[in-house]
Amino acid sequence: MTTGAEIMSERRRLINLGYRLLGSLADAEDVVQETYARWYALSAREQQAIESPGAWLMTVAGRICLNLLGSARVRRETYVGDWIPEPLPEPTEYADGTDPADRVTLDESVTMAFLVVLDAMTPAERVAFVLHDVFRYPFGEVAEIVGRSPAACRQLASSARRRVRTAQGPAAPSAAGQADTVRRFKAAWEAKDIDALVGLLDPDAVATADGGGLAVTHPRPLVGAERIAQGYAEIARLAGDRTTFVERTVNGLPGLVAWQDGVLVTVYAFETAGDRIRRIWAVRNPEKLRPWRIG
């Protein structure tokens with residue numbers, strides 16, 4: 001007989017699946033809660049008849065995520081500005097003190113660059129790709145979740161894989177290499193040194209901000225090294241002495257956070273190539289900064 005402890009031990013895997021599919025820890029937690037609610041709504045006989053409760057839970061969670069991804073596209077049409085996945089700190093740095101084992105495992109499948117590519121996929125592509133390529137589910141089991149044939153799921157995952165390859169730039173540097181680049185960017189930014197900022201940015205770099213209508217941001221992505229450098233120098237000027245920039249790990253890679261008057265107001269994630277920055281994602285929507293808040 002399956003025990004409650006065995007069922008709850010699946011929580012971490014379910015959270016990991018939900019976050020990768022939805023790009024939101026809050027939404028992932030809602031999915032897990034709904035998944036468990038459906039399990040406990042079963043009779044004892046129905047539960048005992050399920051050969052693999054863990055697989056059953058993953059299947060239900062995957063289907064809930066698939067439905068949410070469809071409705072999320074509708075919600076995005078009314079979202080104010082650009083939508084960026086919710087950034088995550090290192091598990092040991094969760095401000096609310098939650099057990100890291102109950103949180104998201106950080107690896108290359110949760111870097112901000114990877115999540116942004118996932119977000120551009122169709123819901124079916126995203127679910128098929130994450131289940132097969134990240135969680136190593138065979139296409140037969142993926143098909144049961146997506147509601148398509150194994151061959152169709154194979155095609156969906158292949159299409160998603162092409163999207164990932166297309167979005168990938170030159171080989172990314174090591175975490176230490178990115179940390180050095182981000183550190184130099186921080187120093188140039190604090191000094192409002194536009195020339196130094198330009199030198200650290202890829203000529204075609206893009207900086208995107210997400211305020212969700214709840215925080216002031218630049219309304220559209222900044223494109224090009226010079227425009228980003230000027231824009232960020234202006235941010236530093238306006239921030240003045242009230243704001244402090246601190247190096248922190250964001251989704252498994254070196255990033256920055258901004259504190260203003262003792263409150264964390266922005267999380268910055270980066271994608272680098274060589275010793276230059278290709279992408280900057282600035283998340284200012286306070287609803288997406290929940291894991292970073294001091295409890």
Side-chain angles (χ1 to χ4, degrees), residues 14-33 65 68-69 71-98 100 102-106 109-121 123 126 130 182 206-222 232 235 239 243-271 279-295:
L14 297 173
I15 285 283
N16 274 275
L17 175 69
Y19 178 71
R20 284 163 175 78
L21 289 178
L22 302 174
S24 164
L25 182 58
D27 287 348
E29 289 171 336
D30 288 345
V31 166
V32 173
Q33 184 174 351
C65 287
L68 285 175
L69 285 169
S71 61
R73 287 178 171 263
V74 176
R75 294 200 308 272
R76 299 280 179 81
E77 294 176 1
T78 60
Y79 193 82
V80 179
D82 291 290
W83 188 93
I84 298 174
E86 179 183 309
L88 295 179
E90 285 279 10
T92 55
E93 295 175 345
Y94 276 97
D96 60 8
T98 305
D102 208 27
R103 292 300 187 176
V104 177
T105 302
L106 299 180
S109 69
V110 291
T111 65
M112 192 61 73
F114 194 84
L115 290 176
V116 168
V117 176
L118 287 179
D119 192 58
M121 298 177 185
R126 188 168 184 167
V130 169
V182 170
V206 179
T208 306
D210 177 348
L214 302 175
V216 177
T217 64
H218 42 88
R220 285 176 292 277
L222 303 176
Y232 271 58
I235 290 172
T243 302
T244 303
F245 299 101
V246 181
E247 296 174 42
R248 287 284 294 276
T249 299
V250 182
N251 286 66
L253 289 174
L256 296 173
V257 298
W259 292 82
Q260 190 171 80
D261 298 329
V263 178
L264 191 148
V265 293
T266 314
V267 172
Y268 297 90
F270 298 85
E271 180 185 29
R279 293 292 303 266
I280 303 174
W281 295 279
V283 180
R284 288 181 49 78
N285 183 341
E287 294 180 352
K288 295 186 176 184
L289 301 180
R290 183 171 58 91
W292 301 78
R293 294 176 189 155
I294 296 177

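What you see is a predicted model; the values in this text were computed from it and never measured.
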Could you tell me which non-hydrogen atom of F114 sits nearest to which non-hydrogen atom of S109, and how far apart they are?
CD2-O, 3.3 Å
Shortest non-hydrogen contact between E86 and A26, atoms and distance:
OE1-N, 3.7 Å
Let's go through D119 and R76 carefully: what are the C-alpha distance in whole Å and the side-chain angles of both, what is the deciding distance for side chain to side chain contact (heavy atoms under 4.5 Å, CB included) to 0.1 Å, and is it a yes or a no?
CA-CA 11 Å; D119 192 58; R76 299 280 179 81; 3.1 Å; yes
Beyond-backbone contact of W281 with N251, side-chain heavy atoms, under 4.5 angstrom:
no
Value rounded to 0.5 Å, distance of CG in L289 from CG in L214
10.5 Å
Would you say W292 and P87 make side-chain contact, with heavy atoms under 4.5 Å?
yes
I need the minimum non-hydrogen distance between T105 and N16, along with the two atoms involved.
N-OD1, 2.8 Å
R126/L21 under side chain to side chain contact (heavy atoms under 4.5 Å, CB included): CA gap, chis, key distance, verdict
CA-CA 7 Å; R126 188 168 184 167; L21 289 178; 4.1 Å; yes
What's the shortest heavy-atom distance between C65 and G18, and which atoms?
SG-CA, 4.0 Å
Please evaluate residues V110 and L88 with respect to the criterion side chain to side chain contact (heavy atoms under 4.5 Å, CB included), reporting the C-alpha separation (whole Å), side-chain torsions for both, the decisive distance (0.1 Å), and the verdict.
CA-CA 9 Å; V110 291; L88 295 179; 5.6 Å; no
Could you state the interatomic distance from CZ (R220) to OG1 (T208), rounded to the nearest 0.5 Å?
12.5 Å
Does Q33 have more than 12 heavy atoms from other residues, nucleotides or ligands lying within 6.0 Å of its CD?
no
Test L17 against V130 for side chain to side chain contact (heavy atoms under 4.5 Å, CB included), laying out the working first.
CA-CA 8 Å; L17 175 69; V130 169; 4.2 Å; yes
Quick one: are P254 and E247 in side-chain contact, heavy atoms under 4.5 Å?
no
Please tell me if the side chains of T217 and D210 come closer than 4.5 Å, counting only heavy atoms from C-beta onward.
no
What are the two closest heavy atoms between V216 and R284, and how far apart are they?
O-NE, 2.7 Å
The side-chain contact (heavy atoms from CB on, under 4.5 Å) partner of F270 among V182, V250, L253 is V182
Contact summary for W259 and L264, nearest pair of heavy atoms
CE3-N, 3.3 Å
